[in-house]
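Single-structure report; data block below.
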Amino acid sequence: MSPLERLRNSMSGASTPALLVSHIGNVQWLTGFTGSFGYVVLTPDKAVFITDSRYAIQAAEQVKGYELCTFGSPKSFRDALSETATSLGLSQLAFESAHVTYATYEEWSGSLPGLKLTPSKDLIASLRMVKSADEVASIEKACRLADATFEHMRRLIQPGISEYDLNLDLEFFIRRNGSPLAFDPIVVSGPNSARPHGKAGERKLQKGDFVTMDFGAKVDGYCSDLTRTVVVGEASERHREIYNLVLRAEVECIAMMKPGVAAKDVDALARQIFAEKGLDGYFGHGLGHGLGRDVHDTGRMNASSTDVLEVGQVWTVEPGIYIPDFGGVRIEDDVVIEADGARVLTHAPKELLVLP
């Protein structure tokens with residue numbers, strides 16, 4: 001069943017006769033469009049894709065099964081939306097309230113006389129959580145590039161090289177292999193590795209540093225998200241203790257992931273493992289998130305999550321321990337939920353590597 005058919009079924013179940021899809025990630029998932037500006041107006045028997053003149057050629061190539069509506073100056077999106085609503089005979093149109101600001105709602109309402117805009121609950125998030133076989137295949141391609149990137153990066157790790165230079169080489173490797181980055185990479189070392197979302201700086205690697213690299217590629221519009229932590233030169237017993245505890249948590253959490261398991265229970269397992277060594281207080285973020293067209297796709301694996309694992313979902317699993325003034329470890333893989341459990345899509349080595 002296509003994304004369009006799945007969304008129409010959800011609209012029917014929610015008694016939503018007409019829907020404006022405005023969140024670009026949802027538009028791209030629904031249509032296959034890869035540009036940055038597009039909207040969809042959907043009814044039970046009509047589907048209209050609206051974009052501006054910059055994307056007229058691209059939309060004609062990429063968006064199939066939709067009536068195309070393009071506009072250019074002096075017309076605006078509001079003009080195109082009004083004309084589309086009139087042509088479809090609409091008097092009421094639901095919008096994605098989770099993605100439309102109140103200011104935008106006011107702007108639209110004031111410039112679309114005769115069209116009542118009504119907020120709709122998020123009908124697409126739950127659909128995007130379950131990936132098709134084609135979507136999983138695209139994510140696997142992105143994971144293979146992430147694996148290759150780590151293999152390349154491990155050859156560069158040595159005392160004296162800066163975080164910034166590593167970050168540049170990482171970005172260049174992904175781009176020269178024909179893919180954009182899924183997100184801005186994280187490359188941090190030594191005490192900086194205790195910052196889960198730290199940014200690369202001029203600090204030079206030193207013997208005895210943890211080095212954490214978190215990065216991903218985007219292939220066919222789908223993301224990978226891989227994190228590996230290595231040690232420069234020589235690993236102490238403390239390095240090994242913390243690293244092996246994080247690795248144990250990651251492996252055991254992945255083994256727990258099966259259809260029907262609550263996401264918050266997987267998160268709780270990691271915290272339980274860290275608590276055995278009194279280190280649970282050094283793990284402040286969630287265990288993982290959904291992965292797809294967005295690197296933080298729909299789905300959260302944390303203490304407050306209400307998500308339940310289903311076949312076809314793709315998740316990151318990324319436990320970490322971050323100790324100020326010492327450093328941090330995060331190990332992250334991407335997994336897809338299958339009938340008999342989680343299949344790991346990333347295959348970069350996970351044993352503690354002491355480099356060079």
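Remember, it's a predicted structure, so these values are computed and weren't measured experimentally. Only heavy atoms go into these numbers, but all of them, side chains included; no hydrogens, no water, no symmetry mates.
Within the 4.5 Å cutoff, the side chain of R154 has heavy atoms near those of the P349 side chain. At a threshold of 4.5 Å between non-hydrogen side-chain atoms, the residues P324 and Y282 count as touching. Residues S120 and M11 form no side-chain contact, since every pair of their non-hydrogen atoms from C-beta on lies 4.5 Å or further apart. Using a 4.5 Å heavy-atom cutoff, the side chains of V187 and F215 are not in contact. Taking 4.5 Å as the limit, some side-chain heavy atom of M256 sits within range of a side-chain heavy atom of D265. In this structure, the side chains of F210 and V231 come closer than 4.5 Å at one or more pairs of heavy atoms. L181 has its side chain within reach of R175: a pair of non-hydrogen atoms, C-beta onward, lies under 4.5 Å apart. Side chains of S53 and T70 form no contact here, defined as non-hydrogen atoms less than 4.5 Å apart.
Taking all atoms of both residues into account, the shortest heavy-atom contact from L226 to A348 is CD2-CB, 4.1 Å. The shortest heavy-atom contact between G341 and P259 is N-CD, 4.4 Å. Summarising the geometry of Y55 relative to G35, their closest heavy-atom pair is CE2-CA, 3.8 Å, with the distance given to 0.1 Å.
Linking Ile, Leu, Val, Met, Phe, Trp and Tyr whenever their side-chain heavy atoms come within less than 4.5 Å puts M301 and I331 in one cluster. Both F37 and L68 are members of a single hydrophobic cluster when ILVMFWY side chains are connected at heavy-atom separations under 4.5 Å. In the hydrophobic cluster analysis, where Ile, Leu, Val, Met, Phe, Trp and Tyr join through side-chain heavy atoms closer than 4.5 angstrom, F77 is grouped together with F33. Under a hydrophobic clustering in which Ile, Leu, Val, Met, Phe, Trp and Tyr are joined whenever their side-chain heavy atoms come within less than 4.5 Å, directly or via other members, L123 and V48 fall into the same cluster. Linking Ile, Leu, Val, Met, Phe, Trp and Tyr residues whenever their side-chain heavy atoms come within less than 4.5 Å leaves V136 and V317 in two separate clusters.
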Stepwise side chain to side chain contact (heavy atoms under 4.5 Å, CB included) check, H99 with N26 | CA-CA 10 Å; H99 304 293; N26 288 341; 3.9 Å; yes
Let me see the working for D333 and R343 under salt bridge (Lys or Arg N to Asp or Glu O under 4.0 Å), right down to the final yes or no.
-> CA-CA 10 Å; D333 283 301; R343 178 167 64 90; over 6 Å; no
For M129 and D307, what are the C-alpha separation, side-chain angles and deciding distance, and is it a side chain to side chain contact (heavy atoms under 4.5 Å, CB included)?
-> CA-CA 10 Å; M129 281 188 72; D307 295 323; 4.1 Å; yes
Go through the steps to decide whether K141 and D220 satisfy the test side chain to side chain contact (heavy atoms under 4.5 Å, CB included), and finish with yes or no.
-> CA-CA 9 Å; K141 292 178 187 176; D220 301 333; 3.3 Å; yes
I273 and L269: side chain to side chain contact (heavy atoms under 4.5 Å, CB included), yes or no, with the steps?
-> CA-CA 6 Å; I273 291 170; L269 174 60; 4.1 Å; yes
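With a 6.0 Å radius and a threshold of 12 heavy atoms from other residues, nucleotides or ligands, Y164 has its OH atom at or below the threshold. Summarising the local packing, NZ of K199 is surrounded by more than 12 heavy atoms from other residues, nucleotides or ligands at distances under 6.0 Å. In D45, the CG atom is crowded: over 12 heavy atoms of neighbouring residues, nucleotides or ligands sit closer than 6.0 Å. Atom NZ of K258 is surrounded by more than 12 heavy atoms from other residues, nucleotides or ligands within 6.0 Å. By the neighbour-count criterion of 12 heavy atoms within 6.0 Å, atom CZ of R195 is sparsely surrounded, having that number or fewer from other residues, nucleotides or ligands. Annotation for E351: atom CD counts as buried by contact number, over 12 foreign heavy atoms lying within 6.0 Å.
Between the side chain of S224 and the main chain of A142, a donor-acceptor pair closer than 3.5 Å is present. No donor-acceptor distance shorter than 3.5 angstrom exists from the side chain of N167 to the backbone of E163, with no hydrogens or angles considered. Between the side chain of N177 and the main chain of F173, a donor-acceptor pair closer than 3.5 Å is present. Counting only distance, with no hydrogens or angles, the side chain of D52 and the backbone of R54 share a donor-acceptor pair below 3.5 Å. With hydrogens and angles ignored, the 3.5 Å screen pairs no side-chain donor or acceptor of T51 with any backbone N or O of G38. Distance alone, capped at 3.5 Å, is enough to place a donor-acceptor pair between the R8 side chain and the T43 backbone. Side chain of Q206 to main chain of S189: no donor-acceptor pair is present (N/O by atom type, distance under 3.5 Å, no hydrogens or angles). Put simply, the side chain of R203 never gets that close to the backbone of P191: no donor and acceptor are under 3.5 Å apart.
In this structure, OG1 on T84 lies 10.0 Å from CG on L93, to the nearest 0.5 angstrom. Here D214 contributes atom CG and E318 contributes atom CD; the two are 6.5 Å apart, rounded to the nearest 0.5 Å. Interatomic distance, W315 CH2 to I337 CD1, rounded to the nearest 0.5 Å: 8.0 Å. To the nearest 0.5 Å, atom CG of residue L291 and atom CG of residue D225 are 6.0 Å apart. Note: L19 CG to L7 CG = 6.0 Å, rounded to the nearest 0.5 Å. For the atom pair D297 CG and C223 SG, the distance stands at 8.0 Å (nearest 0.5 Å).
The one candidate from R293, Q28, E61, Q62 that meets the side chain to side chain donor-acceptor pair (under 3.5 Å) condition with T34 is Q62. E250 pairs in a salt bridge (charged side-chain N to carboxylate O under 4.0 Å, His left out) with only one of the listed residues (R228, R330, K350), which is K350. Checked options D294, T298, D122; the residue passing with R128 is D294 (criterion: side chain to side chain donor-acceptor pair (under 3.5 Å)).
Residues near F172 contribute nothing to a hydrophobic cluster around it, because no ILVMFWY side-chain heavy atom sits closer than 4.5 Å to its side chain.
Using modelled atom types, one finds no donor on one side chain facing an acceptor on the other under 3.5 Å when comparing E234 with H239. For the residue pair D79 and S76, a side-chain donor N or O sits within less than 3.5 Å of a side-chain acceptor on the partner. No hydrogens or angles considered: a donor-acceptor pair under 3.5 Å links the side chains of T229 and T212.
The aromatic ring centres of F150 and H152 sit 6.0 Å or more apart. Not less than 6.0 angstrom separates the ring centroid of H23 from the ring centroid of F95.
Between H285 and Y322, the ring planes lie tilted relative to each other; the angle falls in the 30° to 60° range.
The salt bridge (Lys or Arg N to Asp or Glu O under 4.0 Å) test applied to R238 returns E241, not counting sequence neighbours.
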